[in-house]
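Order of appearance sets the numbers: ligands from 1, and atoms from 1 within every ligand. Just so you know, these numbers come straight off a predicted model, no measurement behind them. Numbers for residues simply follow the sequence, beginning at 1.
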Amino acid sequence: MRFEDLPTPCFVVDVALIEKNLKILNGVMQRTGAKIVLAQKAFSMTALYPLIGEYLSGTTASGLYEARLGHEEMGKETHVFAPAYREEEFDEILSICDHIIFNSFSQLEKYKDRALRSGRKVGLRINPECSTQVGHEIYDPCSPGSRFGVKREDFRPDLLDGVSGLHFHTLCQQNSDDLETTLRAVEEKFGTWLPQMEWINFGGGHHITRDDYDIPTLEACIKRMQNRYGLEVYLEPGEAVALNAGYLIASVLDLHKNGIGIAILDTSATCHMPDVLEMPYRPPLLDSGLPGEKPFTYRLTGQTCLTGDVVGDYSFDRPLVCGDRVVFGDMAIYSMVKTNTFNGMALPAIALQDKDGDCRIVREFGYEDFKYRLA
Ligand SMILES: *Cc1c(COP(=O)(O)O)cnc(C)c1O
């Protein structure tokens, strides 16, 4: 099937672009010996797990369901971190996760012995209290009042017995200079205990596959931890695996005017790309400009009854007409995983574009997907 013939709305993930990212990540693994696992929270398209598994060391998860997904569909190393574990889920987590990372000493005390008896690696998330991101507190685990990780002042060296690794995750879409700054804080606050560890996990948020990412600095950070403390280094990026590797195609259903030209699409910001409203950001759109940059400017809006269901303002070379298709870029990450059926919106189909350019639909959704999750 050609790209132009796919139904809308539809997510399309480009296999060649995913593989390009995987090769960059695998290069870091080859040159440094570090292990990189996919953070499934950002991207969980299981149809691509066999391909991802050819390049990466496994998956990480935010809880039982993601852990099961990684274990079943990729089956390599399975890591898990959760702010707190549920008692009734812990046996199953134990049966599938190689690394189990705890967010507090109380969780560690509660579950550590069972994890060690099952032969699992036990880790502790630390909070290096080193904010390197400006402007979006909801993505900053070092922000005041954050529930993530143990601070130096609450650290309990007497309870470290059996803990083989430390984990931090403080970055979001950042370059390796911020990793370097963060590592300095980690060493300053927790350096005393690094020599007794086997591994350290740098978390995610490393934009390794972005054009301007400084890979040599990342590799120097990895080697420093390996050489200075004898640690095995793990990274768990999500975004970097599928960055700029997917699209969301939509069609224009109607055109309207209220001070500005308005196009109503068969997609929705709130249902299909909620980060546009939560983050918030203006997604890239192929063949378009900023408002006013090209002759015809439109506000692209969604099909729900939420007034704020607006993707953004874009300009075009020619006027839009009903039936036109628009293609949003960088939609593989944090969009497919966050869709919902609010307002009875249909979920977008999911397709793959193969290396030869041919497209195939992997999954389609219908009325039942809406109905059965409500009661
Ligand atoms: C979100 C998250 C990741 C992945 O982050 P990206 O920004 O997608 O790279 C990795 N580890 C943890 C603990 C996370 O919460």
Query - Contact check, Pro237 vs ligand 1, heavy-atom distance below 4.0 Å - result: yes
Query raised in the report: With a 4.0 Å cut-off on heavy atoms, does Phe43 reach ligand 1?
Result: no
Report task. Measure from NZ or CZ of Arg114 to the centre of the six-membered ring of Phe90, then state whether that distance is under 6.0 Å and the direction lies within 45° of the axis. Result ->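 That pair does not qualify as a cation-pi contact.
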Report task. Answer yes or no: is there an ion pair linking Arg363 with Asp369, defined by an N-O contact shorter than 4.0 Å? Result ->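 Not counted as a salt bridge, because no side-chain N and carboxylate O are separated by less than 4.0 Å.
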[X]-ligand 1 polar pair, N/O distance under 3.5 Å:
X	answer
Gln173	no
Tyr334	yes
Glu239	yes

If the cut-off is 4.0 Å to any non-hydrogen atom of [X], which atoms of ligand 1 fall inside it?
X	value
Glu236	3 (C), 4 (C), 10 (C), 11 (N), 12 (C), 13 (C)
Ala39	3 (C), 4 (C), 10 (C)
Ala42	8 (O)
Gly238	4 (C), 6 (P), 8 (O), 9 (O)

Query raised in the report: Among Gly205, Pro141, Ser62, which one has a heavy atom closest to atom 7 (O) of ligand 1?
Result: Gly205
Query raised in the report: Regarding Glu187 and Tyr229, is there a side-chain donor-to-acceptor distance under 3.5 Å anywhere?
Result: yes
**Report entry** Side-chain donor-acceptor pair present, Gln174, Thr132, cut-off under 3.5 Å
**Finding:**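 There is such a pair between these side chains.
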Query raised in the report: Within a strict 4.5 Å, meaning less than it, do heavy atoms of the Glu188 and Arg152 side chains meet?
Result: no
Query raised in the report: Is ligand 1 under 4.0 Å from a heavy atom in the side chain of Lys41, in the backbone, in both, or in neither?
Result: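 Answer for Lys41: side chain.
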Query raised in the report: What is the nearest protein non-hydrogen atom to atom 3 (C) of ligand 1, stated with its residue, atom name and distance?
Result: His169 CE1, 3.5 Å
Query raised in the report: Taking the side chain from His99 and the backbone from Lys121, do they hold a donor-acceptor pair closer than 3.5 Å?
Result: no
Query raised in the report: How about Phe328 and Tyr247: are their ring centres within less than 6.0 Å of each other?
Result: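 That pair fails the under 6.0 Å test.
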Report task. Answer yes if the ring centres of Phe365 and Phe370 are under 6.0 angstrom apart, and no otherwise. Result ->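 Between Phe365 and Phe370, the centre distance exceeds or equals 6.0 Å.
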